[in-house]
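Below is one structure, written out as structure tokens; comments come after it.
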Amino acid sequence: MSTKETTPHTDHHESTRLRDERLRKLEKIKSLGIDPYPYKFTRTHKAKELQEKYQHLENSQETTDSVTVAGRIHNERNDWMFIDLYDDSGKIQLYCDKEKLDQKLVEFLPLLDKGDQIGAVGTVRRTPRGELSIKVTEITILCKTLLPLPEIIEGKRRHLGIHDIETRYRQRYLDLIVTPTSKETLRKRALITAGIRNYLNNIGYIEIETPVLQTEAGGAEAKPFVTHHNALDIELFLRIATELHLKRLVVGGFEKVYELGRIFRNEGISTRHNPEFTSIELYEAYADYHDMMNLTEDLIKTVCKNVNETLQVEFQGKPIDYEKPWKRVTMLDLIKEHTGVDFAPLLGKNVKEVHDLPQIKNLKINLSECGSVGETIAEVFEEKVESKLIQPTFVMDHPIETSPLAKKHRTTSGLTERFELFINGWEIANSFSELTDPLDQRARLEEQAKKKDAGDEEAHSLDLDFITALEYGLPPTGGLGIGIDRLVMLLTNSASIRDVIAFPTMKPV
RNA sequence: GCGCUUGUAGCUCAGGGGUAGAGCACUCGGCUUUUAACCGAUUGGUCGUGCGUUCAAAUCGCACCAGGCGCACCA
């Protein structure tokens with residue numbers, strides 16, 4: 001501090017100047033024998049509790065009820081006569097009548113700054129203007145801040161806030177202080193994840209944590225992050241799915257098991273993609289994908305109602321109705337509906353012959369990457385149908401070539417018992433009647449391994465221990481995965497995945 | 001990874017070859033017993049970074065860095 005005082009102001013950046021001013025006040029507070037960073041403070045009420053409790057207090061009415069509150073100063077008016085104090089429940093105004101205040105406190109007030117955390121004791125009153133206030137008798141500094149909070153001006157109106165979206169994500173603590181909706185979104189996210197766990201725990205599921213560090217990153221098609229374990233001197237991968245370990249747990253005798261947790265995929269970043277994101281996967285013995293559809297629909301309806309108190313939710317201007325029974329339709333029927341092409345008779349045909357059919361050529365889709373009719377179907381679906389599925393829709397019975405972990409369809413050959421849930425054109429959930437036949441599973445993963453060897457970085461890897469587990473017997477099992485971040489986006493009307501992740505991945509500055 | 005676009009004071013933004021601007025915030029002073037208070041004064045900036053063009057660059061060009069949006073990949 002002492003060297004700073006001798007430094008000319010001209011050598012300082014503005015931010016340093018503002019900080020120095022607060023350091024000066026900090027020193028002053030210390031010199032008064034006050035600890036600017038005390039250990040504990042006991043309050044009697046939160047802001048919201050007071051607002052509710054004194055809802056019926058009339059304008060200008062005063063009580064003798066003494067209360068103690070604590071929070072952060074967001075604003076001050078008329079030389080500290082009015083202070084807007086915020087805690088995590090909301091706002092309460094402090095009223096400082098300097099004529100009646102202890103002289104020491106009057107002298108202390110100018111040492112405060114917006115952003116400081118304080119505790120206050122006083123009596124409850126409603127001002128003539130109708131603002132519930134605490135008529136202050138004591139103020140305790142709880143934390144002296146050194147940096148000013150960001151403020152924005154709209155018209156002539158000034159309030160706390162940040163327009164710069166980069167700052168909002170990089171310095172999320174600031175965003176949370178000054179942007180009420182940011183805080184609300186994360187609060188809702190917590191409500192959603194807690195709601196999901198509650199729902200599942202109540203019907204007999206248990207949550208078990210499976211490894212993040214794996215020697216084979218299996219269970220999905222994605223590029224993994226690679227890391228290294230020093231003591232073992234081996235390459236390890238961050239998990240891309242929880243699927244294979246959870247199914248091992250079902251082999252081990254857990255009949256209803258899930259994990260809600262972080263997974264990692266080494267792919268692009270966008271408004272809908274963060275390299276680490278949260279999924280829930282759950283597995284239920286003796287269930288099939290029809291059971292999983294019922295569970296998915298009921299689960300999402302339940303959390304939606306919890307969070308929004310309604311099943312009609314707007315997403316970026318589009319009304320989405322979660323209430324009506326969700327449409328259940330096969331992938332082939334949807335393709336037929338949107339393109340007029342019926343793939344059912346083409347299943348099992350030679351892929352080149354299929355691509356040469358006039359009605360396929362007319363679709364004007366690049367199918368050169370599709371090495372099978374199944375892959376062609378998936379591609380046509382993605383190109384022509386996916387983005388149109390705005391209202392909740394279960395898309396059922398995917399081709400076998402693109403679903404290596406799903407059981408063959410019980411009646412239609414070439415298809416599997418799988419569904420994906422689409423809302424707002426996004427895949428929200430993915431589910432199968434899990435493949436339990438160890439010989440079939442081995443054959444399908446070996447097929448994937450061939451693709452991987454041929455250079456497909458995203459093909460499934462061959463996890464031999466998983467195959468071994470299946471040979472010890474996986475009962476009929478329904479499995480389900482839900483992308484939590486996108487679900488939260490939908491239920492909180494958030495345009496970017498970064499809004500629903502507290503600390504989204506950013507390039508270092 | 002590609003395309004478009006943005007980066008100027010603590011915050012929000014103007015300025016687009018000729019001495020770096022405004023509002024608010026901060027600081028100081030005045031007025032006021034009051035609710036975006038008001039009035040006045042002073043502060044405050046390597047114009048994202050680097051290299052170039054030019055007598056002269058915040059401004060023009062190129063490269064790089066970071067963000068946003070779109071595309072690709074994907075959930």
Side-chain angles (χ1 to χ4, degrees), chain A residues 8-22 24-25 59 74-84 91 93-101 110 113-115 126-133 146-170 174 178 220-223 240-241 263-281 366 369 382 386 420-430 456-458 481-490 495-498 504 506-509:
Chain A
H9 267 154
T10 48
D11 284 1
H12 287 213
H13 287 232
E14 175 68 359
S15 58
T16 312
R17 196 179 66 86
L18 295 171
R19 186 167 175 273
D20 282 350
E21 181 57 37
R22 288 170 180 240
R24 186 185 65 76
K25 292 179 182 176
N59 290 6
H74 276 208
N75 200 8
E76 156 272 324
R77 287 176 293 280
N78 298 342
D79 288 327
W80 297 96
M81 177 171 275
F82 298 104
I83 298 171
D84 291 337
K91 181 184 105 170
Q93 177 172 275
L94 306 183
Y95 170 67
C96 301
D97 184 350
K98 287 188 190 167
E99 307 229 315
K100 304 212 176 105
L101 280 185
D113 283 293
K114 279 179 233 178
R126 195 175 287 283
T127 64
R129 290 264 185 138
E131 185 73 37
L132 189 72
S133 306
L146 298 183
L147 293 170
L149 293 178
E151 277 183 304
I152 53 182
I153 317 296
E154 263 148 25
K156 284 197 101 178
R157 203 175 187 82
R158 149 174 69 85
H159 57 89
L160 293 184
I162 310 175
H163 276 170
D164 178 27
I165 196 148
E166 183 176 351
T167 307
R168 291 191 43 215
Y169 298 137
R170 283 195 194 276
L174 281 183
V178 304
E221 295 183 27
K223 275 177 255 175
I240 57 172
I263 59 181
F264 308 85
R265 296 189 184 175
N266 208 337
E267 287 156 2
I269 295 177
S270 77
T271 47
R272 288 173 297 284
H273 300 84
N274 197 64
E276 52 178 310
F277 62 104
T278 301
S279 79
I280 180 168
E281 288 190 34
N366 177 11
E369 302 283 306
E382 279 175 32
E386 214 174 85
E420 290 177 301
L421 170 65
F422 284 86
I423 305 174
N424 189 46
W426 302 343
E427 183 194 335
I428 296 299
N430 184 22
D456 183 349
E457 279 185 274
E458 290 170 13
I482 300 176
I484 297 296
D485 308 271
R486 289 197 183 167
L487 180 64
V488 175
M489 287 173 73
L490 287 171
S496 170
I497 197 169
R498 291 181 156 174
M506 302 288 280
K507 276 204 203 183
V509 182

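Labels below follow one simple rule: chain letters A, B, ... track the order of the sequence lines, proteins then strands, and each chain is numbered from 1. Note that the structure is predicted; figures quoted are calculated from it, not measured. Hydrogens, waters and symmetry mates are skipped; everything else that's a heavy atom, side chains included, is used.
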Gap between atoms CG and C1', on Leu149(A) and G10(B) respectively (whole Å): 11 Å
Which residues satisfy the ring-ring contact (aromatic ring centres under 6.0 Å, His included) test with Trp80(A), sequence neighbours excluded? none
Whole-Å distance separating the CG atom of Leu174(A) from the P atom of U12(B): 11 Å
Set of residues satisfying side chain to side chain contact (heavy atoms under 4.5 Å, CB included) with respect to Lys100(A), sequence neighbours excluded: Asp97(A), Lys135(A)
Side chain to side chain contact (heavy atoms under 4.5 Å, CB included) with Gln93(A): which residues, sequence neighbours excluded? Arg77(A), Phe82(A), Asp84(A), Thr127(A), Glu131(A), Ser133(A)
Interatomic distance, Arg265(A) CZ vs C73(B) P [rounded to whole Å]: 16 Å
Over how many whole Å does the gap from Arg77(A) atom CZ to A36(B) atom P extend? 7 Å
Atom NZ of Lys223(A) to atom P of A75(B): distance rounded to whole Å? 12 Å
Please state whether the base of C26(B) and the side chain of Arg17(A) form at least one donor-acceptor pair under 3.5 Å? yes
Just N and O in the side chain of Lys25(A): are any of them under 4.0 Å from OP1 or OP2 of U27(B)? yes
Checking U33(B), A75(B), U27(B) against the side chain of Asp97(A) (C-beta onward), the nearest is U33(B)
Does the side-chain ring of Trp426(A) lie flat on the base of A75(B), meaning centres under 5.5 Å and planes less than 30 degrees apart? no
Dot-bracket for RNA chain B, please, read 5' to 3', with Watson-Crick or G-U wobble pairs under 3.5 Å on both distances, ( ) within the strand, [ ] crossing, | other strand, . unpaired. ((((((((.[[[[.)..(..]]]]..((((.......))))......[[[[[..)....]]]]])))))))....
Interatomic distance, OH@Tyr95(A) vs CG@Leu101(A), rounded to 0.5 Å, equals 9.0 Å
Kindly write out the residues that satisfy ring-ring contact (aromatic ring centres under 6.0 Å, His included) with Phe277(A), not counting sequence neighbours, or none if the list is empty. none
Protein-nucleotide distance (Asn274(A), atom CG; A75(B), atom P), rounded to Å: 15 Å
Find which nucleotide of RNA chain B each of Thr271(A) and Glu221(A) is nearest to by heavy atoms, and output the residue with the more 5' nucleotide. Thr271(A)
For U35(B), does either OP1 or OP2 sit under 4.0 Å from a side-chain N or O belonging to Arg129(A)? yes
Integer angstrom distance from the P of A41(B) to that of U54(B): 45 Å
Mind calculating the distance between CH2 (Trp80(A)) and P (U33(B)) to the nearest angstrom? 21 Å
Show every salt bridge (charged side-chain N to carboxylate O under 4.0 Å, His left out) that has at least one partner inside residues 263-272 of chain A, sequence neighbours left out. none
Sticking with atom P, work out how far G7(B) lies from U59(B), rounded to a whole angstrom. 12 Å
Any Thr278(A) side-chain heavy atom under 4.5 Å of Asp485(A) side chain: yes
Length of the CZ-C1' vector between Arg170(A) and A66(B), whole Å: 6 Å
